[in-house]
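Worksheet: the structure to be examined is printed underneath.
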Amino acid sequence: MSKIAVTGGAGFIGSHTVIELYRAGFEPIIIDDFSNSEISVLQGIENIIGTAVSCYDADCNNQQVMDTIFAHEKNITGIIHFAAFKAVGESVQQPVKYYRNNLNSLLVMMEMMGKYNVPHLVFSSSCTVYGQPEVLPVNEQSPILPAQSPYGSTKQLCEQMIEQMVKAGKPLKAISLRYFNPIGAHPSGHIGELPIGTPGNLVPFITQTAAGLRPMITVFGNDYDTADGTCVRDYIHVVDLAKAHVKALELLDRTHDSQYYDVFNVGTGAGNTVLEVIKTFEIVTGRKLNYKIGPRRAGDIEKIYAEVDKARDVLRWQSGLTLRDALKDAWNWQQKLQSKAETAQVPS
Ligand code: WQD
């Protein structure tokens, strides 16, 4: 089986991708320092695929440790690089932390690819590289506008670094996947989003409010130029997103050029407002959500959603799960988390 190193493989998108890699016949090797995940994710993965996945508790920034891993794990044929800090707001407060971690971890991976002749790289990028597009839906040729945050800037810079490395002429084939808004959880309820502390993202905030862990949701602004005044995003089920990574590796496998680089939007191709997400959650779960309208959040763009023709035609991938599916699965996961927490509290 083709060994694939999955950095950040115990994270939200990483863990779901490990499942799909295994199912597609790859051998995933997780490299994760668990700074933004929990070791319990490994058990969740095992519960789904029925076997344990190799995992190294290690920081991708540590070149010596990466050297040891790549020397030990012979014949790694590809890297999917998820490991990065990803909180937009935090990146504004701590830019150096974001630049150092997000850029250096990729550089270490590039070093490993050169030293151990790893031919394929799939990079976790983001629609945030587009900033606020002038024209919607946004496609891969849309202009890359100045980043709105250090987080977005690291994604733009990493894409440039990869493109330049490919041009340098070393045998390297790489794909950047520009994620829109990943939401939901594995339908089994064994893995899902594990926000540490107060969730920054909308859907975990919704599910925690519905579960009674938070008194209400604040909708950040309803005075935007959209159908109901709230921001528009392209919400994609994390399982669909995970499958796009398998398709990316398969595309790299069938591409015979020794140097290849391309980028793909990974979204549904449709946008929903914040209030539409809230209403859909209420319909799907039958739970009434307590929310209020508050001020705009700094750094938010008004609306973005993807043109996904290139992913369909070249990557041979398109989303299949709906917003309803994602919210149902997110709620199912929240309830599983809740029951695990309550069981843990029951004195033996
Ligand atoms: C979505 C919408 C908020 C919380 C970011 C990154 C992106 C990716 C996903 C990493 C916005 C509104 C939110 C709340 C709200 N990151 N909202 N109340 O900011 O679109 O994307 O996370 O992969 O790269 O940019 O996602 O979920 O934070 O916000 O009204 O309590 O929900 O204003 O309009 P975002 P989000």
Side-chain angles (χ1 to χ4, degrees), residues 8 11-14 16-17 36 81-92 98 102 123-133 138 145 147-156 158-159 176-184 193-195 197-210 213-238 241-242 244-245 265-268 271-281 289-306 323 326-327 330:
F12 176 37
I13 305 166
H16 288 80
T17 301
N36 194 22
H81 185 50
F82 290 106
F85 295 144
K86 62 161 199 170
V88 173
E90 184 188 47
S91 78
V92 175
Y98 271 68
N102 292 9
F123 173 66
S124 165
S125 190
S126 167
C127 63
T128 202
V129 302
Y130 294 115
Q132 173 57 69
V138 66
L145 300 175
Q148 313 269 322
S149 69
Y151 164 77
S153 171
T154 66
K155 291 301 181 184
Q156 290 179 350
C158 284
E159 286 194 9
S176 288
L177 297 179
R178 293 174 178 166
Y179 308 159
F180 283 69
N181 284 59
I183 61 169
E193 197 162 3
L194 276 173
T198 306
N201 294 127
L202 176 65
V203 171
F205 214 105
I206 284 177
T207 58
Q208 289 188 10
T209 303
L213 300 176
R214 305 203 176 271
M216 71 164 70
I217 303 164
T218 303
V219 174
F220 297 140
N222 70 340
D223 57 350
Y224 289 97
D225 180 18
T226 63
D228 58 26
T230 63
C231 293
V232 171
R233 296 288 185 276
D234 184 333
Y235 294 97
I236 176 163
H237 197 299
V238 64
L241 177 58
H245 294 77
N265 283 345
V266 186
T268 66
N272 287 104
T273 68
V274 175
L275 288 177
E276 284 168 349
V277 174
I278 288 174
K279 296 273 178 291
T280 305
F281 181 86
L289 278 171
N290 193 11
Y291 69 88
K292 69 175 181 181
I293 305 294
R296 292 183 172 194
R297 178 173 69 175
D300 269 344
I301 60 168
E302 182 172 76
K303 51 187 156 191
I304 189 166
Y305 57 95
L323 176 67
L327 294 172

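Order of appearance sets the numbers: ligands from 1, and atoms from 1 within every ligand. When a residue number appears, it is its place in the shown sequence, counting from 1.
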Closest to atom 11 (C) of ligand 1 (judged by heavy-atom distance), picking from E302, R297, R214:
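When every heavy atom of E302, R297, R214 is considered, R297 comes closest to atom 11 (C) of ligand 1.
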Going by the angle between their ring planes, with limits at 30° and 60°, are F82 and H245 parallel, tilted or perpendicular?
tilted
Atoms of ligand 1 less than 4.0 Å from [X] heavy atoms?
{"X": "V88", "value": "6 (C), 25 (O)"}
{"X": "Y151", "value": "10 (C), 16 (N), 23 (O), 24 (O)"}
{"X": "N181", "value": "20 (O), 21 (O), 26 (O), 35 (P)"}
{"X": "S126", "value": "7 (C), 24 (O)"}
{"X": "V219", "value": "30 (O)"}
{"X": "D300", "value": "3 (C), 33 (O)"}
{"X": "C231", "value": "34 (O)"}

Short N or O distance, I217 and ligand 1, threshold 3.5 Å exclusive:
no
With nothing but distance in play, are any N or O atoms of Y179 less than 3.5 Å from an N or O of ligand 1?
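Such a contact does not occur with ligand 1.
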In terms of residue, atom name and distance, what is the protein heavy atom nearest to [atom]?
{"atom": "atom 18 (N) of ligand 1", "value": "T218 O, 2.8 Å"}
{"atom": "atom 20 (O) of ligand 1", "value": "R233 NE, 2.6 Å"}
{"atom": "atom 17 (N) of ligand 1", "value": "F220 CD1, 3.6 Å"}
{"atom": "atom 12 (C) of ligand 1", "value": "V274 CG2, 3.8 Å"}

Out of curiosity, is F180 lining ligand 1, as in a heavy atom under 4.0 Å away?
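It does not; every heavy atom stays at 4.0 Å or beyond.
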Y235 near ligand 1, heavy-atom distance under 4.0 Å?
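Flag set, Y235 near ligand 1.
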Please answer whether the main-chain N or O of [Y] pairs with a side-chain N or O of [X] as donor and acceptor at a distance below 3.5 Å.
{"X": "N102", "Y": "K155", "answer": "no"}
{"X": "E302", "Y": "Q132", "answer": "no"}
{"X": "Q156", "Y": "V129", "answer": "yes"}
{"X": "Y98", "Y": "E90", "answer": "no"}

Check: S176/E159 side-chain N/O donor and acceptor closer than 3.5 Å:
no
Report the part of [X] in contact with ligand 1, treating N, CA, C, O as backbone and CB onward as side chain, heavy atoms under 4.0 Å; options are side chain, backbone, both, neither.
{"X": "N201", "answer": "both"}
{"X": "L202", "answer": "both"}
{"X": "I13", "answer": "neither"}

With a 4.5 Å cut-off on side-chain heavy atoms, are V232 and Y305 touching?
yes
In the structure I gave you, are the side-chain heavy atoms of R214 and F205 within less than 4.5 Å of one another anywhere?
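Answer yes - side chains close enough.
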Contacts of Y130 that satisfy side-chain hydrogen bond (donor to acceptor under 3.5 Å, both in side chains) - sequence neighbours left out:
R178, N265
Applying salt bridge (charged side-chain N to carboxylate O under 4.0 Å, His left out), which residue pairs with at least one partner in residues 224-235 are found, sequence neighbours left out?
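Qualifying pairs, neighbours excluded: R233-D300.
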If you measure from OG1 on T280 to CG on L327, what distance do you get to the nearest 0.5 Å?
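With rounding to 0.5 Å, OG1 (T280) is 6.5 Å from CG (L327).
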Rounded to the nearest 0.5 Å, the OG1 atom of T128 sits from the NZ atom of K86 at a distance of 12.5 Å
